[in-house]
*Asks:* 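Submitted below is the structure of interest, expressed as C-alpha cells.
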Amino acid sequence: RNVTGVQTCALPISLDAGEEAAFESVYFQVEKANGNVVEFRRRANGDGVATLVLARRNTTIYVYAFSETSDESDTIKVKFK
C-alpha cells in the first residue's frame, strides 16, 4: 500500500488501502524527533483512503501506516521546513 506526504507546515499523510478497507480503521504510527512513537487512528472513506494531518516545524518524523484489512505500508521519512 502507498503512503504519501506533501511537504508543507501542515502535512497531509494519506494511506490508500483499497476499497476492501472502506470505512475501516487505519492506524498511523509516527516516530517523533525525540524517538517517541505516537499512534493515531483514522477512519477510511468509501474508497479506502485515510488521511492524517500533522503540523510541525524544523523537524523530521517517520510515518508508518496500516489498516485492519490491508497490507502494511512502507515507512516514509518526512522533513518539515
Side-chain angles (χ1 to χ4, degrees):
R1 304 301 176 191
N2 293 330
V3 177
T4 57
V6 178
Q7 188 175 4
T8 61
C9 288
L11 176 69
I13 301 167
S14 300
L15 173 70
D16 184 353
E19 290 184 6
E20 66 273 4
F23 307 110
E24 295 292 328
S25 293
V26 173
Y27 299 91
F28 293 90
Q29 291 181 344
V30 177
E31 182 180 345
K32 296 181 179 182
N34 63 6
N36 291 341
V37 177
V38 180
E39 185 170 277
F40 299 93
R41 183 177 63 90
R42 298 292 183 264
R43 182 136 344 250
N45 64 14
D47 294 326
V49 177
T51 302
L52 173 69
V53 177
L54 296 175
R56 300 276 187 268
R57 287 196 181 270
N58 300 322
T59 189
T60 300
I61 62 170
Y62 295 89
V63 180
Y64 170 78
F66 60 94
S67 73
E68 295 172 348
T69 59
S70 72
D71 295 333
E72 301 168 350
S73 74
D74 292 331
T75 300
I76 62 170
K77 177 180 176 180
V78 180
K79 184 171 183 173
F80 292 89
K81 292 183 177 183

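Bear in mind the structure is a predicted one, so any value in this text is a computation, not a measurement.
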*Asks:* Using 0.5 Å steps for rounding, measure from the CG atom of L54 to the NZ atom of K32.
*Replies:*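 Nearest 0.5 Å value for the CG-NZ distance: 9.0 Å.
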
*Asks:* Is it true that atom CD of E19 has more than 12 heavy atoms of other residues, nucleotides or ligands lying nearer than 6.0 Å?
*Replies:*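 Count not over threshold, so no.
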
*Asks:* Are F66 and Y64 near enough that their ring centres are under 6.0 Å apart?
*Replies:*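 Judged by ring-centre distance (under 6.0 Å), F66 and Y64 do meet the cut-off.
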
*Asks:* According to a 4.5 Å side-chain heavy-atom criterion applied to Ile, Leu, Val, Met, Phe, Trp and Tyr, with indirect links allowed, do V53 and V26 form part of one hydrophobic cluster?
*Replies:*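 No; V26 is not reachable from V53 via cluster members.
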
*Asks:* Using the benzene-type ring in the case of Trp, are the ring centres of F28 and F40 under 6.0 Å apart?
*Replies:*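 F28 vs F40: aromatic centres not under 6.0 Å.
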
*Asks:* How long is the gap from CG on L15 to OG1 on T51, to the nearest 0.5 Å?
*Replies:*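 One finds 9.0 Å between CG of L15 and OG1 of T51.
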
*Asks:* How long is the gap from CD on E24 to CD on E68, to the nearest 0.5 Å?
*Replies:*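 Result: 5.5 Å between the selected atoms.
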
*Asks:* What distance separates I61 CD1 from T75 OG1, expressed to the nearest 0.5 Å?
*Replies:*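 Between I61 CD1 and T75 OG1, I get 11.5 Å after rounding to 0.5 Å.
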
*Asks:* Should V49 and I13 be regarded as members of a common hydrophobic cluster, given that ILVMFWY residues are connected when their side-chain heavy atoms come within less than 4.5 Å of each other, either directly or indirectly?
*Replies:*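 Shared cluster, no.
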
*Asks:* Quick one: pull up NZ in K77 and OH in Y62 and give me the separation to the nearest 0.5 Å.
*Replies:*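 If I round to the nearest 0.5 Å, the distance is 4.0 Å.
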
*Asks:* Work out which heavy atom in S67 is nearest to a heavy atom in A21; give both atom names and the distance.
*Replies:*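 What the structure gives for the nearest pair is OG-CB, 4.0 Å.
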
*Asks:* Where do V63 and V30 come nearest, in terms of heavy atoms and distance?
*Replies:*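 Looking at all heavy atoms of both residues, the closest pair is CG2-CG2, 4.3 Å.
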
*Asks:* Return the minimal non-hydrogen interatomic distance between S25 and R41, and the atom names on each side.
*Replies:*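 Taking every non-hydrogen atom into account, OG-NH1, 3.3 Å.
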
